[in-house]
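Some notes on the structure that comes next.
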Amino acid sequence: QVQLVESGGGSVQAGGSLRLSCAASEISYQTAHMAWFRQCPGKEREAVAVINVWAGSTYHADSVKGRFFISHDNANRLLYLQMNGLKVEDTGMYSCAAAPTIPGGRWFDAGNFPYWGQGTQVTVSS
């Protein structure tokens, strides 16, 4: 069973930066695709970014493109989300997720990810 543990959340003023980390119990076929999702107050959970840990290919949601950057460190079984230019509307619970495959390339569909961490809170104030 893959285990994921996030860290790095906190409170920051608008315009600031945070780096989230997700420690995985393994890097294997089961975690070929790793992603960050978030749930903002009053909104449904949304995909933020995904990475193929073997190919290195990434996708970012339009809402964060150019501000957030997903990366990984396979040797240390870590997934990162560098968040720059944070906005108040980025406030939410950020969770990492992993999946062996992404049917149809639908990386934005949380249902395609069987493994989840508990999440880390990010709060951005004006």
Side-chain angles (χ1 to χ4, degrees):
Q1 181 74 9
V2 174
Q3 294 182 339
L4 304 171
V5 180
E6 302 93 337
S7 61
S11 298
V12 65
Q13 287 193 321
S17 298
L18 282 174
R19 188 176 79 158
L20 305 183
S21 299
C22 173
S25 58
E26 62 185 81
I27 295 295
S28 68
Y29 166 75
Q30 295 294 333
T31 59
H33 299 84
M34 297 190 75
W36 288 98
F37 286 78
R38 69 183 181 185
Q39 183 149 23
C40 301
K43 296 185 179 180
E44 294 186 355
R45 182 167 54 188
E46 64 172 336
V48 175
V50 68
I51 187 167
N52 180 309
V53 301
W54 306 119
S57 51
T58 63
Y59 296 94
H60 295 77
D62 287 343
S63 58
V64 305
K65 201 169 291 182
R67 299 189 298 124
F68 292 10
F69 302 93
I70 191 171
S71 62
H72 66 107
D73 176 353
N74 283 359
N76 291 297
R77 304 192 306 275
L78 290 168
L79 177 73
Y80 298 110
L81 184 68
Q82 178 66 44
M83 305 187 295
N84 302 323
L86 282 160
K87 304 176 181 179
V88 172
E89 53 263 40
D90 294 319
T91 293
M93 183 67 74
Y94 286 70
S95 301
C96 69
T101 60
I102 305 293
R106 295 176 56 86
W107 67 272
F108 45 85
D109 185 345
N112 286 328
F113 291 82
Y115 307 113
W116 290 83
Q118 292 299 309
T120 186
Q121 178 68 33
V122 171
T123 302
V124 185
S125 59
S126 58

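In this chain, residues are counted from 1 in sequence order.
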CD-SG distance between Gln118 and Cys96, expressed to the nearest 0.5 angstrom: 10.0 Å

Glu89 atom CD, neighbour heavy-atom count above 12 within 6.0 Å: yes

Donor-acceptor under 3.5 Å (Glu6 side chain, Gly119 main chain): yes

Heavy-atom donor-acceptor pair, Asn112 side chain to Arg106 backbone, under 3.5 Å: yes

Thr58 side chain to Ile51 backbone, donor-acceptor under 3.5 Å: no

Tyr59, OH atom: more than 12 neighbouring heavy atoms under 6.0 Å: no

Validation row: Leu20, Arg38 side chains within 4.5 angstrom (heavy atoms): no

Main-chain N/O of Ile27 paired with Arg77 side-chain donor or acceptor, under 3.5 Å: no

Ring geometry between Phe37 and Trp116 (parallel below 30°, tilted from 30 to 60°, perpendicular above 60°): tilted

Any Glu46 side-chain heavy atom under 4.5 Å of Ser63 side chain: yes

Donor-acceptor contact below 3.5 Å, side chain Gln39 vs main chain Gly92: no

Close side-chain approach of Trp107 to His33, heavy-atom, < 4.5 Å: no

Phe113 vs Val50 side-chain heavy atoms within contact, under 4.5 Å: yes

Non-hydrogen side-chain atoms of Leu18 and Phe68 separated by less than 4.5 Å: no

Hphob cluster co-occupancy, Val12 + Val48, side-chain heavy atoms under 4.5 angstrom: yes

Audit row: Met83, Val122, side chain to side chain contact (heavy atoms under 4.5 Å, CB included) steps and yes/no: CA-CA 10 Å; Met83 305 187 295; Val122 171; 3.8 Å; yes

Any side-chain heavy-atom pair of Val64 and Phe69 under 4.5 Å: no

Beyond-backbone contact of Thr91 with Gln121, side-chain heavy atoms, under 4.5 angstrom: yes

Side-chain donor/acceptor of His60 to backbone N/O of Ile70, under 3.5 Å: yes

Stepwise side chain to side chain contact (heavy atoms under 4.5 Å, CB included) test for Lys87 and Val124: CA-CA 6 Å; Lys87 304 176 181 179; Val124 185; 5.6 Å; no

Exercise: identify the closest heavy-atom pair between Leu81 and Ala49: CD1-CB, 4.5 Å

